Amino acid sequence: MTRLWGGRFKKQADALVEEFHSSLSFDRRLYRYDIRGSIAHARMLGRTGIIRAQEAEALVRGLETVLAELDAGRVALSPRDDEDIHSLVERLLVARVGDVGKKLHTARSRNDQVALDLRMYLKHEIVGLRELLTELQRTLLDLAERHTETLMPGYTHLQRAQPVSLAHHLLAYVEMFHRDDGRLADCYRRTDVMPLGAGALAGTVFPIDREFTAAELGFAALAENSLDAVADRDFAVEFCAAAALIMVHLSRFCEELVLWSSAEFGFVEMDDAFATGSSMMPQKKNPDMAELIRGKSGRVFGDLQALLTMLKGLPLAYNKDLQEDKEALFDAVDTVKKCLTVFTPMVRALEFRTAAMDRAARGGFTNATDLADYLVQRGVPFREAHEIVGRVVLYCLEHGKTLEELTMEEYRRFAPGVGEDVFAAVATENCLAARKVRGGPAPATVRDAITRARARL
Ligand code: ARG
């Protein structure tokens, strides 16, 4: 193995050790960022006169060649040959351009280099994830637009509570994914900070131009403290926290799809392309994708936990523990990306059984609150109205009736003030339409909410 630090050592590392501490098998995915970062660094070294202009040019050309070779898959990557992606790129560079390649690492350490690579990688991934979240929100808004009048029961304790619409239910998820997007945008700002110049931990004696390097690489800010610059992984933690919440939201939605696609609910039919069968039971159609997404949420929570635990006991500044940041971060990125990529088309292809939803919305006294509100509007204090309607419901349950089916005479037995207009008050459509409060499920209100949600996309 070529080592960037062999001088002080009398013998090679144990073969087991080389294998154990190499990060090449996973940090290879950073090679593009590593090389782009090195190109900017080489240009900066040339501009500031720390190396000669022709030397900087030779480095840039060499790095571009290495990049092309890696892109083409022409380089065999083995943890036995290189400790990490930074060592690999430098070895390839020296092989291409000769001794001048050995000047690249002037005024730089792998500690600030790896922090740079990781930030560049994450910035790129955040942009992609935000696009996926936008596409998902669009899909939900398109669906919602078609279902502002589709009645369904709203639940508390998984018991039918009050009527809402399918559109209103879908918009709840639009809010969640909108907040997720905001969290990613926020995390991006703190990832967009350029650590080069921190060196190993204490900066550098060379007259480098950090502003130039940051501008070359499109960073908005410079890390202000060299110790923090190499020790900080808060941005990775923040990302995993944001990713964990995305997974929470996907998982809750998936749980509902699993419930809704059961015969017991029958609210939704999964498209065949997003469901699977059973090897033994020929009749089965299972919502496996929804279950898998629900299941994968645990991985991302684990990634977050791994990062927090890795960081909590680390003295400043760099410690090799930090190498463990990558697999957790990569796994969180990959998992959320894959889940969103499957989830959005799966939702788009859902077939909603609106008749079953409608039946369920009307069935279970979801209009009882509206009857109480009706009495309140006729001067009965709410607590009393609540009590009266409770007794009405009990009566209905005992006589196998719904609120819509009671006679005027029956109503008057419980509340003398009830008029003929009570039937309109408990009609489920009216219960929905009456909830016009901002944020509520009335069809007109929901249409406004859809317009606002589209505008902020
Ligand atoms: N592979 C290392 C990592 O991922 C790069 C930094 C190595 N620095 C060091 N001082 N050993 O963190």
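Remember, it's 1-based here, ligands and their atoms both numbered in the order they're listed. Sequential numbering from 1 along the given sequence is applied to the chain's residues. None of the values given here were measured: they were computed from a predicted structure.
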(request) Cation-pi check, Arg119 to Phe219: give yes when NZ or CZ is under 6.0 Å from the six-membered ring centre and within 45° of the ring axis, no otherwise. (result) no

(message) Testing the basics here: between Lys296 and Cys339, what is the closest heavy-atom pair and its distance to 0.1 Å?
(response) CD-SG, 3.8 Å

(message) If the criterion is any heavy atom closer than 4.0 Å to an atom of ligand 1, which residues make the list?
(response) Ser23, Asp84, His86, Arg110, Asn111, Val114, Tyr318, Gln323, Lys326

(message) When you compare the side chains of His105 and Arg108, does any donor N or O come within less than 3.5 Å of an acceptor on the partner?
(response) yes

(request) May I ask you to check whether Gln162 and Thr369 show a side-chain donor-acceptor distance below 3.5 Å? (result) yes

(message) Counting the benzene-type ring for Trp, do Tyr188 and Phe239 have ring centres under 6.0 Å apart?
(response) no

(request) Not counting sequence neighbours, list each pair that qualifies as a ring-ring contact (aromatic ring centres under 6.0 Å, His included) and has a residue in residues 293-335. (result) Tyr121-Phe330

